[in-house]
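Throughout, protein chains are lettered first and strands after them, A, B, ... in sequence-line order, and every chain is numbered starting at 1. Model, not experiment: these values are computed from the prediction. Any value given below was found using the heavy atoms of this structure, including those in side chains, with hydrogens, waters and symmetry copies removed.
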There are 2 protein chains.
Amino acid sequence: MNNILSKVVFDVKESTYVKDPQTSELGNRILESSIDLINEIGFDSFTFRKLAQSIKSVEASIYRYFESKHKLLLYLTTWYWSFTEYRLEFTLANVEAPDDRLKRAIHLLTSEIEEGFSGLNIDVIKLSSIVIIESSKAYLTKDVDQENEAGIFLGYKHLVERVGEIVLEINPEFKYPNMLISTVIEGAHNQRFFAEHLPRLTNQVKGEDAICEFYQKMVFKTITK
Amino acid sequence: MNNILSKVVFDVKESTYVKDPQTSELGNRILESSIDLINEIGFDSFTFRKLAQSIKSVEASIYRYFESKHKLLLYLTTWYWSFTEYRLEFTLANVEAPDDRLKRAIHLLTSEIEEGFSGLNIDVIKLSSIVIIESSKAYLTKDVDQENEAGIFLGYKHLVERVGEIVLEINPEFKYPNMLISTVIEGAHNQRFFAEHLPRLTNQVKGEDAICEFYQKMVFKTITK
DNA sequence: CAATAATAATAGTATTACTATCAATAATCA
DNA sequence: TGATTATTGATAGTAATACTATTATTATTG
């Protein structure tokens with residue numbers, strides 16, 4: 001499982017920060033508090049000034065870690081994709097049957113994170129809320145090509161391709177594995193948001209996880225010859 | 001087809017503007033130029049100052065039409081959904097078989113607009129590019145609940161439900177018609193963006209319209225018992 | 001103990017997202 | 001036609017944002 005924390009993934013994140021926030025106390029406070037604050041007020045209203053106040057520091061100090069709030073969002077999302085791939089490897093370990101592997105992968109990508117992960121300074125439950133609402137803003141910009149060249153989206157692409165490969169194990173002739181998986185990932189985010197804010201756009205019912213069930217069925221029916 | 005231009009739809013847009021831009025020359029220039037400008041520089045870099053310069057007017061005059069650039073984006077997207085529903089009615093007219101109806105609807109929702117529409121002051125091809133890149137920013141905000149209550153997203157919801165009903169004609173037991181259709185609409189936007197900027201997230205090939213084909217197959221396989 | 005690195009404190013700039021005021025012009029209606 | 005009213009333009013101004021720069025203070029390490 002060490003290959004997940006390999007140099008490539010690490011490199012991805014490097015281009016999102018000026019100084020690695022995980023290496024200092026202030027840096028870790030920046031991460032923790034930014035996750036809280038973005039959750040509270042939303043990324044659009046989030047500013048480095050407000051963040052500085054909440055950690056009792058100053059703007060200038062935050063800029064030593066991140067060039068801009070956009071870069072911070074990139075950091076958080078790429079961290080999340082790394083983390084998701086890590087969980088994926090765990091979920092797939094020792095599971096041989098491609099059908100089971102895919103089923104587990106789709107479940108991972110579409111269900112809500114409920115358990116916190118101890119030993120992490122990052123609150124993954126809160127972070128996953130941020131990813132649902134804000135992650136598309138990380139790439140829906142005019143800088144996307146430049147940032148893509150810098151390797152920032154490698155983690156996300158890798159995750160999609162990883163699950164896409166399982167699809168191909170089941171049906172090697174299926175022409176659109178990545179399209180299917182990225183549709184599932186982004187779709188599940190959208191549907192969670194819709195369930196909470198625009199319920200007429202979805203069919204999620206409180207209590208049960210229709211989103212998970214829907215995408216499971218959608219994937220398996222779609223890839224079956 | 002008049003019901004599409006009914007009071008409800010009109011009301012939706014009312015809450016997005018201060019003064020109806022379609023009723024004056026300046027208003028129309030605002031619409032035309034904002035579409036050009038957002039296409040050129042992206043919504044994030046787009047400001048009313050830049051827009052004012054491009055139409056040789058001043059910021060204050062634009063504020064007489066739209067409260068903020070966010071409201072202008074809401075106007076453009078709701079206009080687009082109205083327009084899409086109008087095209088949908090046309091596409092479905094005199095087509096009886098539910099399968100054909102759904103096929104045509106999905107094609108409309110996932111294919112690229114290629115023909116301009118004469119008689120419109122709004123460039124729908126450019127507008128559809130904006131919708132692909134920027135429309136999710138219209139609802140991924142902290143104001144979404146308030147704006148939803150004001151009826152701003154009625155057009156989008158109506159469109160989703162309209163196509164969802166066709167799904168139910170084909171399979172009345174299908175539990176997730178709206179989830180499926182909103183997945184298709186948002187998915188098709190994402191995939192077009194990915195094809196251009198993050199191609200490893202998709203499987204679109206230059207030339208052919210894999211996106212359209214993929215979602216057609218996905219929909220019909222998913223709803224089949 | 002000295003050197004170095006990290007942070008805090010303060011200040012400052014350009015841009016953004018507005019609001020307010022008033023003059024100039026165009027449309028309309030009596 | 002002339003008076004009224006609505007619309008736009010010109011100008012100014014404010015608070016907030018997104019930074020950059022400088023210098024003092026504190027903590028770390030060699």
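At whole-Å resolution of the value, NZ in B:K71 and P in C:dC18 are 10 Å apart. Taking atom NE2 on B:H70 and atom C1' on C:dT16, their separation rounds to 17 Å, with Å as the unit. Following rounding to the nearest Å, B:Y63 (OH) and D:dT14 (C1') show an atom-to-atom distance of 13 Å. Whole-Å rounding puts the A:L37 CG to D:dT17 P distance at 12 Å. The NZ-P distance, from B:K69 to C:dT16, rounds to 9 Å in whole Å.
Contact check on A:R192 versus A:E196 returns no salt bridge, with no Lys/Arg side-chain nitrogen under 4.0 Å from an Asp/Glu carboxylate oxygen.
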Evaluation steps, side-chain hydrogen bond (donor to acceptor under 3.5 Å, both in side chains), between A:Y176 and A:T183: CA-CA 10 Å; A:Y176 315 111; A:T183 295; over 6 Å; no
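Each of B:R49, B:K50, B:Q53 was scored for a side-chain hydrogen bond (donor to acceptor under 3.5 Å, both in side chains) with B:E59, with one residue passing: B:R49. Screening B:I35, B:N28, B:I30 against B:E32 for a side-chain contact (heavy atoms from CB on, under 4.5 Å) leaves a single residue, B:N28.
Qualifying ring pair (Phe, Tyr, Trp, His ring centres under 6.0 Å) partners for B:F194, counting only residues two or more places apart in sequence or in other chains: A:Y139.
Non-hydrogen atoms lying under 4.0 Å from DNA chain D are contributed by A:T47, A:R49, A:K50, all within residues 42-54 of chain A.
For D:dT11, the paired nucleotide is C:dA20, the pair qualifying as Watson-Crick or G-U wobble because both relevant distances are below 3.5 Å.
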Measure all distances between protein nitrogen or oxygen atoms and nitrogen or oxygen atoms of nucleotides 5-12 of chain D, and list the pairs falling under 3.5 Å.
{"residue": "D:dT8", "atom": "OP1", "partner": "B:Y65", "partner atom": "OH", "Å": "3.0"}
{"residue": "D:dT8", "atom": "OP2", "partner": "B:Y65", "partner atom": "OH", "Å": "2.8"}
{"residue": "D:dG9", "atom": "OP2", "partner": "B:S57", "partner atom": "OG", "Å": "2.4"}
{"residue": "D:dG9", "atom": "OP2", "partner": "B:S61", "partner atom": "OG", "Å": "3.3"}
{"residue": "D:dG9", "atom": "O6", "partner": "B:R64", "partner atom": "NH2", "Å": "3.1"}

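Contact annotation: the side chain of B:W79 never approaches that of B:T16 to less than 4.5 Å [non-hydrogen atoms, C-beta and beyond].
The CD1 atom of A:I166 lies 4.5 Å from the CG atom of A:L92; values are rounded to the nearest 0.5 Å.
Shown here is A:Q22, whose CD atom has more than 12 heavy atoms of other residues, nucleotides or ligands within 6.0 Å.
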